[in-house]
Number of protein chains: 2
Amino acid sequence: MNISRAAQQSGLTVKALRYYESIHLLQPGRSANGYRDYSERDLETLRFIQRARSVGFSVEEVRDLLELHQNPSRRSHDAKLLVLGKLEHVETQLRNLREMRTTLRDLAQRCAGDESPECAILDRLAGGEHD
Amino acid sequence: MNISRAAQQSGLTVKALRYYESIHLLQPGRSANGYRDYSERDLETLRFIQRARSVGFSVEEVRDLLELHQNPSRRSHDAKLLVLGKLEHVETQLRNLREMRTTLRDLAQRCAGDESPECAILDRLAGGEHD
DNA sequence: TTAAAGATTACCGCAAGGGTAAGGTCAAGC
DNA sequence: GCTTGACCTTACCCTTGCGGTAATCTTTAA
């Protein structure tokens with residue numbers, strides 16, 4: 001199957017597939033005309049990659065996951081460690097974003113948002129008094 | 001004041017200050033020896049930048065905020081729009097991360113995490129049955 | 001005097017592809 | 001046979017926000 005169909009069937013982009021080949025994450029075969037030729041097995045791998053990426057894993061982490069996936073003598077312990085590590089990372093990001101949200105809400109709430117130049121947002125960012 | 005002190009006093013890095021100059025966000029003066037020379041006003045601007053960045057604004061958004069800050073005939077409406085836009089963006093990210101967290105927790109919970117190769121995480125990523 | 005500390009510019013690198021150019025290939029319609 | 005359009009190829013630059021390193025001044029302290 002050619003690249004655009006593989007992209008479509010996996011939920012990835014053509015650019016991404018070519019990129020994954022360039023970093024040796026997934027090497028499809030080639031047809032006689034030089035076109036990339038994705039097998040059914042390649043497609044399953046692409047779907048694996050897509051799912052892992054959508055959960056937040058980096059491409060390098062996906063590489064590790066794929067290796068485990070393809071290794072029959074793996075220990076589920078190792079896969080779980082990757083997931084727990086990512087989970088922790090996600091929770092850290094969540095905390096940071098919640099803090100940002102609080103501050104942004106606070107800023108927005110104090111600003112009239114009218115035609116006047118008087119603006120609590122800018123005052124605060126400038127280090128103005130808090131309350 | 002020289003660059004390292006300005007960095008220290010603003011909570012930014014020396015590299016960041018040089019970068020901000022290179023993109024014309026803040027142009028400090030120069031001493032006779034060619035060293036950058038940050039004034040007190042520059043320092044306040046740097047602190048403004050630091051606060052805005054820490055709340056999640058991109059450098060280009062900070063540029064807009066600075067412009068408003070320095071424009072006496074601004075309308076607070078414009079500043080508020082920037083904050084509300086950023087708030088929306090942060091909330092979108094929060095939703096995405098919460099979804100990732102749910103999936104990751106689900107994955108972790110189903111995996112024994114022992115010495116066996118049997119692993120629900122890898123099965124799921126491979127498109128295995130759900131429940 | 002000399003060595004350490006701090007400054008300068010310049011360039012390469014990251015993540016994860018997106019965008020575009022210049023060109024080969026393939027199938028359909030005339 | 002010919003052309004057109006859709007699809008494929010490689011190659012190279014762009015993005016964000018700096019971090020790291022090198023080679024080269026300047027200043028400061030011992």
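A note on names: the letters A, B, ... follow the listed sequences, proteins ahead of strands, and every chain is numbered from 1.
One interatomic measurement links the two molecules: CD of A/E61 to P of C/dA16, which rounds to 8 Å at whole-angstrom precision. One can place CG of B/L26 at 16 Å from C1' of D/dG17, the figure rounded to the nearest angstrom. If you measure from atom CD of B/E21 to atom P of C/dA10, you get 12 Å, rounded to the nearest angstrom. Atom CG of A/D37 and atom P of C/dC26 are 13 Å apart (whole Å). If you take CD1 of A/I23 and C1' of C/dA16, they are 8 Å apart, rounded to a whole angstrom. Between A/L25 atom CG and C/dA15 atom C1' there is a gap of 14 Å when expressed in whole angstrom units. In this structure, CG of B/L17 is placed 16 Å from P of C/dG6, rounded to the nearest angstrom. Taking atom CE of residue A/M1 and atom C1' of nucleotide D/dC8, one finds them 16 Å apart after rounding to whole Å.
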Item to complete: Kindly indicate, with the supporting measurements, whether the criterion side chain to side chain contact (heavy atoms under 4.5 Å, CB included) is fulfilled by B/R36 and B/L17.
Response: CA-CA 10 Å; B/R36 287 172 184 79; B/L17 300 205; over 6 Å; no
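Of the candidates D/dT27, D/dT10, C/dT25, D/dT27 carries the atom nearest the B/N33 side chain, counting heavy atoms from C-beta on. Of the candidate nucleotides C/dG17, C/dT9, D/dC7, D/dC7 has the atom nearest to the side chain of A/Y35.
Here the side chains of B/R63 and B/L66 are not in contact, with every heavy-atom distance at 4.5 Å or above. At least one side-chain heavy atom of B/R101 sits less than 4.5 Å from a side-chain heavy atom of A/L94.
At C/dT9, one or more side-chain N or O atoms of B/R36 fall inside 4.0 Å of OP1 or OP2 (strictly under the cut-off). In terms of phosphate contacts, A/N2 brings no side-chain nitrogen or oxygen within less than 4.0 Å of OP1 or OP2 of D/dC7. Side-chain N/O atoms of B/S4 include one lying less than 4.0 angstrom from OP1 or OP2 on C/dA7. In this model, the phosphate group of D/dT10 is not approached by any side-chain N or O of A/R18 to a distance below 4.0 Å at OP1 or OP2. Applying the 4.0 Å criterion to OP1 and OP2 of C/dG17, one finds that A/T13 has every side-chain N and O outside that range.
Residue B/R5 is out of contact with every strand shown, counting any heavy-atom pair closer than 4.0 Å. Across all strands shown, B/I3 has heavy atoms under 4.0 Å from sugar-phosphate atoms exclusively, and none from any base.
Looking only at atom types and distance, the side chain of A/S39 has a donor-acceptor partner in the side chain of A/D42 under 3.5 Å away.
For B/K15 against D/dG20, a side-chain N or O and a base N or O form a donor-acceptor pair under 3.5 Å. Under 3.5 Å, the side chain of A/Y20 and the base of C/dG17 form no donor-acceptor pair of N or O atoms.
B/R47 contributes no side-chain N or O that, together with a main-chain N or O of A/A126, makes up a donor-acceptor pair within less than 3.5 Å.
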